[in-house]
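In what follows, a structure is listed as structure tokens, so that the remarks can point back to it.
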Amino acid sequence: MKIFRSAAFLFFLAGTGFHVYGQQPVSDTLSLKGVEVKASKPEDAVRSASPLRQIGIRELRALPGSNAADALRHLSGVTIRDYGGLGGIKTVVVRSLGANHTAVFVDGVPMSDIASGQIDLGKVPLAELEAIDLVSGQERGDCRPARMASSASLIRFRSVKPHSSSAPLGVKAGIRGGSFGSYNPFVTLSSKILKHTAAAFSVDYNRTRGDYPYLLRNGSMPDTVMKRINGDVKALNLSLRTETTFSDSSLLQVKGWLYTSGRGLPGAVVYYNPWSAQRMDNADFSGSAGYSFKQGQTRLLSSFSVTSASLRYRDPAFLNQQGGLDNTYRQFEVYGSQSAHRPLSKIFSLGASADVIVNRMSSDRYLNGDPSRLTAMGLITLNAAGRRTEATAEVLATGVRESAGDGERTQLKGALTPSVSLSTRITSDPLLRMRLMAKNSFRMPTFHDLYYNLTGNTRLEPEKVSQLNLGIILQKEWNRMEARLIADVFANRVRNKIVAVPTRNLFIWSMRNLGVVETNGLEVQTLVRINPAEATSISLSAAYTAQQALDKSDPDSPVYGHQIPYIPFHTLSGMFSFQYHRLMLGYNTLFNSHRYSLGENITANRLPAWNVHDASVSWEQPLKRLNLTIKFEGVNILNEQYEVIRGFPMNGRSFYATIIAEF
Amino acid sequence: MMIPLGMMSVSCTDEPDDKPAAQDTLVRSQGVYVLNEGVFNGNNASVTRFTFEDSLVSADFFMQQNGRGLGDTGSDLAIYGSKLYAVVNVSSQVEVMDAATGKSLKQIPLFNETVARQPRKIAFHGKHAFVCCFDGTVAVIDTADLVVVKDIAVGPNPDGIALAGGKVWVSNSGGLNFPDYNNTLSVIDPVSLTEERQVTAGVNPYIMAPDSYGDLYLIARGNYGDIPGRLMVLDAVSGDVKHTFDAFEALNFSIAGDTAYVYNYNWITGISTILMINVKDETLITPSFITDGSEVKTVYGIAADPVSKLVYVADVMDFTGTGKIHVFNTRGERQFTFNAGINPAVFAFLNRTITVTP
């Protein structure tokens with residue numbers, strides 16, 4: 001089966017040139033006309049002038065887990081805000097900047113949430129992913145939408161390409177099951193449906209009871225083992241992807257994605273009250289098309305997407321007259337982008353793109369009718385690439401026209417946000433590079449920030465971020481080994497931070513532009529890969545992040561100079577994988593230092609450090625035309641009892657088995 | 001800052017001086033309990049105790065005495081007889097303690113099967129404690145057996161309860177029906193344990209307390225929009241609104257003797273104000289209770305102790321960390337300050353009654 005062969009090819013590359021990693025921009029496919037190369041620009045992470053962390057297919061296969069957040073949390077600079085367990089919402093915080101400052105693209109299609117800005121990474125299943133990139137600052141890319149440059153950080157998920165072999169039908173079918181009634185069957189059918197068009201249809205169904213045990217700690221009382229109540233999840237992911245490569249090597253990618261889920265929200269653990277009846281149902285749809293082609297020396301990329309998302313929240317235990325809450329939020333987005341890029345000389349090249357986003361939202365919890373927002377962006381990129389040095393200067397212009405729905409509060413906002421980056425090679429062997437990046441960005445207040453009844457504040461201004469990064473990259477390759485060290489120091493400044501402030505009582509909070517946060521940190525990534533013998537490889541990587549994210553809002557406040565909530569001072573992740581012919585062993589560990597659940601860094605608000613260990617083993621067995629993969633995972637094998645968010649205990653030790661058949 | 005205070009005492013006998021007194025009763029102020037609400041879903045409601053004798057602050061007194069947390073989101077605290085009652089809203093419990101030691105005597109869960117009834121405030125009459133719950137009921141607890149003997153249906157989301165004019169008054173806030181708040185009070189007969197009637201008061205009624213002139217004072221919180229929070233005066237027999245203080249916004253108050261100490265916190269300006277009202281003639285004494293320039297950042301609770309003649313002001317600072325209790329004399333001069341837990345809000349005074357035989 002093609003996908004397997006591609007993967008094998010990747011492993012082969014891993015053994016020779018370590019060229020597995022990396023995003024494969026559309027433009028590269030074009031320049032390689034007709035040649036399908038899965039392993040792309042080999043040294044992206046090394047050459048990038050902005051911090052770029054990557055997880056390739058090999059690591060994805062060795063990692064346990066079923067959704068994208070399970071993988072992302074191993075990257076340096078990343079904190080996953082995990083509301084517990086198997087069905088909890090998982091959002092990403094990069095370098096202490098909230099989820100609103102990270103753009104997420106799946107196969108070039110933006111995932112967005114205009115309501116809360118919190119994108120639940122638990123919605124993206126791991127099974128179909130081939131690569132994950134996380135860029136802080138300015139992405140190194142020639143021809144890309146302006147929207148990709150609009151956030152402080154960018155996450156890109158890339159799915160396995162639809163196959164285009166001569167076999168009439170490729171099938172990948174598998175099931176993953178294990179602890180707490182978890183059950184996750186998935187199927188991908190791929191086929192060459194037209195002469196130039198390959199298509200893949202994937203179904204991924206995931207359900208779990210989510211009733212895992214946890215330790216309830218209360219003062220000096222003996223710890224009691226409790227079970228999470230109302231933590232069940234059912235989620236269905238459907239995707240249809242097609243890829244058409246025309247004879248002039250232009251490429252058309254079309255994708256439809258449907259996600260539906262229903263889950264219980266177990267809520268925070270509350271002493272003496274174990275009950276929760278809150279439910280959340282999601283139904284998301286996106287349809288998108290991207291077309292890239294080359295005209296003379298100019299590369300062009302057009303993309304278009306339509307996204308709708310509905311969220312229904314119910315709390316039958318809410319003590320109102322109607323006998324419970326039942327709220328629905330519907331959001332709708334239309335997005336179009338046109339990008340172009342062309343070389344100006346041997347050294348200089350110029351890129352430009354223009355994007356338009358239309359958002360509309362309806363909710364029975366908004367005071368002023370259905371708000372809408374029109375965002376227009378223009379991006380100009382000037383790149384200079386010499387033999388040793390590459391420099392990029394960009395400026396993004398953004399205009400936002402917002403209407404509160406009652407027609408009275410239409411407002412216009414505009415901003416110019418520049419960024420620059422520089423990467424230079426100091427020596428070649430060992431490779432030593434230095435890099436520098438500075439970027440300004442902002443995030444608009446979300447619709448909840450602005451319009452949610454009682455708490456919304458229509459006077460909010462955008463939250464502004466400036467980032468500075470200085471890094472070195474050291475890489476050495478030997479015959480059978482490669483070692484890499486990347487170290488970055490960074491400084492982030494957030495101004496006009498949108499924070500919730502209690503208003504009339506503790507139950508009624510409102511959003512205000514109050515905060516200033518100063519973050520200084522260090523990220524170190526190391527990687528060692530060894531190929532001691534044929535079909536044998538060892539990969540060892542570690543990522544360490546230290547950060548101080550201090551509240552500098554109000555010198556008279558008791559929280560001035562304190563670490564902001566939920567940002568660990570240190571995080572450390574280690575990943576190990578060993579492949580010997582058909583056997584693959586994986587082990588990884590993740591450590592988070594203590595954090596504070598509230599702004600004041602006092603013992604009462606302190607959350608203890610935690611450290612989890614996961615292990616996996618998998619075996620691939622060809623059986624005639626069939627290729628079988630069997631994988632066992634042990635998650636949190638030392639049964640650490642911990643919380644990421646206060647009151648939301650994470651699951652302890654659990655086991656999963658996966659069997660995948662491909663032909 | 002901590003200044004040693006002498007034992008404060010007041011004579012509570014009403015007997016005329018010329019009559020030979022067989023015995024005299026002295027009530028002495030021993031200290032104060034502070035209920036810290038904690039943070040919603042933080043499991044960090046707590047009780048802080050301050051005692052005069054040794055100027056000792058026990059920050060998390062309930063945990064100290066019982067080895068476990070009080071629960072999630074404290075909402076009321078009161079001493080009745082020899083017992084200290086803490087109402088814990090999100091945990092949906094009434095925690096009954098020995099008032100002298102803080103040792104738990106009983107935890108009374110308030111659930112309707114799996115639905116938390118969310119108790120809010122407590123008042124007492126005779127042998128019963130009355131706890132208003134957000135599910136539109138008042139739970140009647142026998143203070144000797146510590147069991148719920150009856151649930152009385154009242155209006156939506158009752159958020160205040162007080163004994164006045166021989167009746168139990170309950171404020172039906174309707175707070176969870178935003179924007180359609182309620183504006184009624186339920187009047188419960190504490191003998192028959194039934195709701196006798198409902199009267200109409202201000203929008204979103206909240207805290208209530210009687211004065212000694214037959215009036216019931218009430219905060220109507222308004223709608224957080226065009227209807228501001230107001231202090232109102234009702235006739236404690238008829239329930240008729242006698243007066244509304246329109247000149248200022250009010251969030252909460254405490255009455256001791258002839259004085260009501262009323263506060264407001266303006267969340268737009270971030271300014272806390274405390275003013276004094278004469279409850280005898282319902283007039284403003286001063287718009288600014290604090291006279292020595294002491295600062296209160298975010299006022300969140302107030303209680304005037306008739307015995308010690310001290311006024312306790314809870315300052316929650318940023319709502320997320322250690323709160324402070326500023327203690328003033330009745331002239332508005334700060335006497336001392338001590339630290340409490342997160343979001344201190346309610347006070348209960350620990351007194352000792354001494355019988356003096358001449």
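Chain naming here is simple, since letters A, B, ... match the order of the sequence lines and numbering starts at 1 in each.
The shortest side-chain heavy-atom distance between L176(B) and Q321(A) does not fall under the 4.5 Å cut-off. Using a 4.5 Å cut-off on side-chain heavy atoms (C-beta onward), N273(A) and D72(B) make no contact. By the 4.5 Å heavy-atom criterion applied to side chains, V115(B) and L319(A) are counted as neighbours. The shortest side-chain heavy-atom distance between D318(B) and E600(A) does not fall under the 4.5 Å cut-off. Between T73(B) and V270(A) there is no side-chain heavy-atom pair separated by less than 4.5 Å.
The two atoms that bring P558(A) and M317(B) nearest to each other are CG-CB, 4.0 Å, heavy atoms only. Contact detail for S91(B) and Y271(A): the closest heavy-atom pair is OG-O, 2.6 Å. Of all non-hydrogen atoms in T114(B) and W275(A), the two that sit nearest each other are O-CB, 3.2 Å. Shortest non-hydrogen contact noted between Y272(A) and Q93(B) is O-NE2, 3.1 Å. Between G321(B) and I602(A), the closest heavy-atom pair is CA-CD1, 4.2 Å.
How far CG of N41(B) is from CD1 of I645(A): 12.0 Å, rounded to the nearest 0.5 Å.
Here the side chain of N218(A) pairs no donor or acceptor atom with the backbone of R68(B) at under 3.5 angstrom.
Of the listed residues (S92(B), A45(B), P156(B)), the greatest number of heavy-atom pairs within a distance under 4.5 Å of chain A belongs to P156(B). Interface summary for chain A: among N177(B), L70(B), N43(B), the most heavy-atom pairs under 4.5 angstrom belong to N43(B). Contact count against chain A (heavy-atom pairs under 4.5 Å) is highest for Q107(B) among Q107(B), K297(B), Q118(B).
Heavy atoms closer than 4.5 Å to chain A are found in the side chain of I342(B), but not in its backbone. Looking at N601(A), neither its backbone nor its side chain comes within 4.5 Å of chain B, counting heavy atoms on both sides. Within the 4.5 angstrom heavy-atom criterion, no atom of S46(B) approaches chain A. The part of N66(B) that comes within reach of chain A is its backbone (N, CA, C, O), which places non-hydrogen atoms under 4.5 angstrom from that chain. In this structure, chain A has no heavy atom under 4.5 Å from any part of Q64(B). At a 4.5 Å heavy-atom cutoff, the contact between N157(B) and chain A is made by side-chain atoms alone. Contact of N605(A) with chain B is made through the side chain alone, with heavy-atom distances under 4.5 Å.
Heavy atoms from other residues, nucleotides or ligands lying under 6.0 Å from CD of E295(B) number 12 at most.
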